[in-house]
Amino acid sequence: MGFDAVVAIARGGLAPGMMASTALSIPLYAVAYSRADRSVSWFTAEKPKAGSRILLVEDIAGRGTTLSDSLDFLRTQNYQVKVFVLAYDAQSRIVPDFGMKMPGNSRAWFPWERDSITDAFDRTCNLPAKPEYQYASWAIDLDGVLLADLPDHHYDQALDETLAARDRLHMNAVLPQIELGSVTIITGRPEKDRVRTQNWLSRHGLNGSLVMRNESVYTPQESAMHKADSIIAGGHTHYIESDARQALYIANSVKVAEVFWWNDGQAMQVSAHASQQLRENALIAGG
């Protein structure tokens, strides 16, 4: 269509803007937007030549004013502008020239805005008072992360004694460097163990939500499935898991969250590609 330049709206439009600029082999510029006073300014040191035909790029056309104000800013400078977004819906303030319309009540989120899917961020009405990453919602595994994970055969050989020994365990010396006092714990322990589990957590100053496995829905071999479903239901953006195979299953099942394997005090981010064998291998018991 003869565009002379791509102008991305920083920050959400930078990733798709770079891709569009590369695909079209034309220069990339960017504008910045201040939500507080609805002001638009040039983000890049240079700007397109006067009269240029511009492709304005944003990640999403939402209900706010970012895209409409940026569009007005460029038009008042006598640029010819078409709008490209990755997604928009029926309630978007601007209907773009190019973009995918989301069906029904669906919402689109992108990897670079992962932390803004939480209820805490939503309550800011898109005017956060602190960096977006501070609105992330963390959840963690219990056994193997906060305390030692006792071998399965101990439970098989002497269940009551092993449970009692587990209740006496201290917290691990090395712990995740996040706010643990109120973090959500999602464990494969069965619901019938709630009282003794809650007592252990309370003794160690851990007062966040405790999500346990419903035995009528998930078998012990389906602990990873229980955790994945609970992460989605809770709207969590990050999860720490002590079992490598479960971590892979969860990462494959919960695309919206970053999943970390906690390996004796070291965290490794994991990802997984869908496969039936992966699902079968990862459906294993665990705390």
(request) Please answer: with hydrophobic residues joined when any side-chain heavy atoms are less than 4.5 Å apart, are V7 and F98 in the same cluster? (result) no
(message) So which atom in I231 and which in A257 form the shortest heavy-atom distance, rounded to 0.1 Å?
(response) CG2-CB, 4.1 Å
(message) Apply side chain to side chain contact (heavy atoms under 4.5 Å, CB included) to residues Q77 and K47 and explain how you reach the verdict.
(response) CA-CA 11 Å; Q77 297 190 30; K47 61 183 179 180; 3.9 Å; yes
(request) Check the surroundings of atom CG in N105: do more than 12 heavy atoms from other residues, nucleotides or ligands lie under 6.0 Å from it? (result) no
(request) Keeping the roles fixed (side chain from E222, backbone from T219), state whether a donor-acceptor pair exists under 3.5 Å. (result) yes
(message) Restricting to non-hydrogen atoms, name the atom on P190 and the atom on M212 that form the minimum distance, rounded to 0.1 Å.
(response) O-CE, 3.2 Å
(message) Between W200 and R166, does the side chain to side chain contact (heavy atoms under 4.5 Å, CB included) criterion hold? Intermediate values first, please.
(response) CA-CA 9 Å; W200 187 92; R166 187 184 67 184; over 6 Å; no
(message) What's the separation between atom CD1 in I60 and atom CE in M100, rounded to the nearest 0.5 Å?
(response) 12.0 Å
(message) Just verifying a value: how many Å separate L201 CG and M171 CE, rounded to the nearest 0.5 Å?
(response) 8.5 Å
(message) For the OG atom of S182 and the CG atom of N207, what is their distance to the nearest 0.5 Å?
(response) 8.5 Å
(message) Please check: side-chain N/O of T237 versus main-chain N/O of A136, any donor-acceptor pairing under 3.5 Å?
(response) no
(request) Would you mind reporting whether R213 and S223 have side-chain heavy atoms less than 4.5 Å apart? (result) yes
(request) Decide yes or no for T124 and Y135: does some side-chain heavy atom of the first lie under 4.5 Å from some side-chain heavy atom of the second? (result) yes
(request) Give the cluster check for L210 versus L180: same hydrophobic cluster or not, with ILVMFWY residues linked at side-chain heavy-atom distances below 4.5 Å. (result) yes
(message) Treating S242 as the side-chain partner and W262 as the backbone partner, does any N or O pair qualify as donor plus acceptor under 3.5 Å?
(response) no
(request) Check the pair K49, D4 against side chain to side chain contact (heavy atoms under 4.5 Å, CB included), reporting the backbone distance first and the verdict last. (result) CA-CA 9 Å; K49 294 180 180 179; D4 299 304; over 6 Å; no
(message) I'd like to know whether CE of M19 has more than 12 heavy-atom contacts from other residues, nucleotides or ligands below 6.0 angstrom.
(response) no
(request) State, yes or no, whether a side-chain contact exists between F73 and W42 at a heavy-atom distance under 4.5 Å. (result) yes
(message) Under a 3.5 Å distance rule, please check whether T197 uses its side chain to pair with a backbone N or O of D193 as donor and acceptor.
(response) yes
(message) A quick test of your reading: do over 12 heavy atoms of other residues, nucleotides or ligands sit less than 6.0 Å from CZ of R53?
(response) yes
(request) Please answer whether the main-chain N or O of I94 pairs with a side-chain N or O of S92 as donor and acceptor at a distance below 3.5 Å. (result) no
(request) Search all heavy atoms of G235 against all heavy atoms of T118 and return the closest pair with its distance. (result) O-CG2, 4.1 Å
(message) Do M102 and V256 sit in one hydrophobic cluster, given that two such residues count as connected whenever their side-chain heavy atoms are within less than 4.5 Å of each other, even indirectly?
(response) no
(request) Assess whether atom NE2 of H153 is packed by more than 12 heavy atoms of other residues, nucleotides or ligands within 6.0 Å. (result) yes
(message) Take a 6.0 Å sphere around CG of D156 and say whether it holds more than 12 heavy atoms from other residues, nucleotides or ligands.
(response) yes
(message) Closer than 4.0 angstrom, basic N to acidic O: yes or no for D72 and R38?
(response) no
(request) Sequence neighbours left out, what passes side-chain hydrogen bond (donor to acceptor under 3.5 Å, both in side chains) with R35? Give chain and number order. (result) none
(request) Answer whether the closest heavy-atom distance between the side chains of W138 and E258 falls below 4.5 Å. (result) no
(message) Is the shortest side-chain heavy-atom distance between L86 and F84 below 4.5 Å?
(response) yes
(request) State, with a plain yes or no, whether a side-chain heavy atom of L142 is found less than 4.5 Å away from one of L147. (result) yes
(request) Mark yes when over 12 heavy atoms from residues, nucleotides or ligands other than K130 sit less than 6.0 Å from its NZ; otherwise mark no. (result) yes
(request) Evaluate the side chain to side chain contact (heavy atoms under 4.5 Å, CB included) criterion for residues I140 and I178: first the C-alpha distance (whole Å), next the side-chain angles of each, then the deciding distance (0.1 Å), finally the verdict. (result) CA-CA 10 Å; I140 63 174; I178 60 175; 3.9 Å; yes
(message) Restricting to non-hydrogen atoms, name the atom on Q198 and the atom on L206 that form the minimum distance, rounded to 0.1 Å.
(response) NE2-O, 4.3 Å
(request) For residues E58 and T66, report the shortest heavy-atom separation together with the two atoms involved. (result) OE2-CG2, 3.7 Å
(message) Can a donor-acceptor pair be found, under 3.5 Å and without considering hydrogens, that links the side chain of S202 to the backbone of N199?
(response) no
(message) Measuring from atom CG of D69 to atom CG of L74, what distance do you get when rounded to the nearest 0.5 angstrom?
(response) 11.0 Å
(request) For N172 and V174, indicate whether the former's side chain and the latter's backbone hold a donor-acceptor pair under 3.5 Å. (result) no
(message) Counting C-beta onward and ignoring hydrogens, is there a side-chain heavy-atom pair between I185 and V145 closer than 4.5 Å?
(response) no
(message) So K82 and F3, do their side chains get closer than 4.5 Å, heavy atoms only?
(response) yes
(request) Please indicate whether F43 has more than 12 foreign heavy atoms, meaning atoms of other residues, nucleotides or ligands, lying under 6.0 Å from its CZ. (result) no
(request) Give a yes or no answer on whether the side chain of E179 reaches the backbone of G181 with a donor-acceptor pair at less than 3.5 Å. (result) yes
(request) Hey, could you give me the CG/CD1 distance between D141 and I186, rounded to the nearest 0.5 Å? (result) 9.5 Å
(request) Kindly write out the residues that satisfy side-chain hydrogen bond (donor to acceptor under 3.5 Å, both in side chains) with R93, not counting sequence neighbours, or none if the list is empty. (result) none
(request) Please check if L28 and M1 belong to a single hydrophobic cluster, counting links between Ile, Leu, Val, Met, Phe, Trp and Tyr side chain heavy atoms closer than 4.5 Å. (result) yes
(request) Write down the atom of A87, the atom of A108, and the distance for their closest heavy-atom approach. (result) CB-CB, 3.7 Å
(message) Tell me if a side-chain donor or acceptor on Y239 pairs with a main-chain N or O of V254 at a distance below 3.5 Å.
(response) no
(message) Tell me whether M18 at atom CE has more than 12 heavy atoms from other residues, nucleotides or ligands lying less than 6.0 Å away.
(response) no
(request) Return yes if some donor-acceptor pair links the side-chain N/O of H226 with the main-chain N/O of T187 below 3.5 Å, else return no. (result) yes
(message) Let me confirm one number: the CG-CG distance from L150 to L169, rounded to the nearest 0.5 Å.
(response) 5.5 Å
(request) Determine whether Y29 and L67 fall in the same hydrophobic cluster, where Ile, Leu, Val, Met, Phe, Trp and Tyr are linked whenever their side-chain heavy atoms lie under 4.5 Å apart. (result) yes
(request) Answer yes when D59 and R11 have at least one side-chain N-carboxylate O distance shorter than 4.0 Å, and no when they do not. (result) no
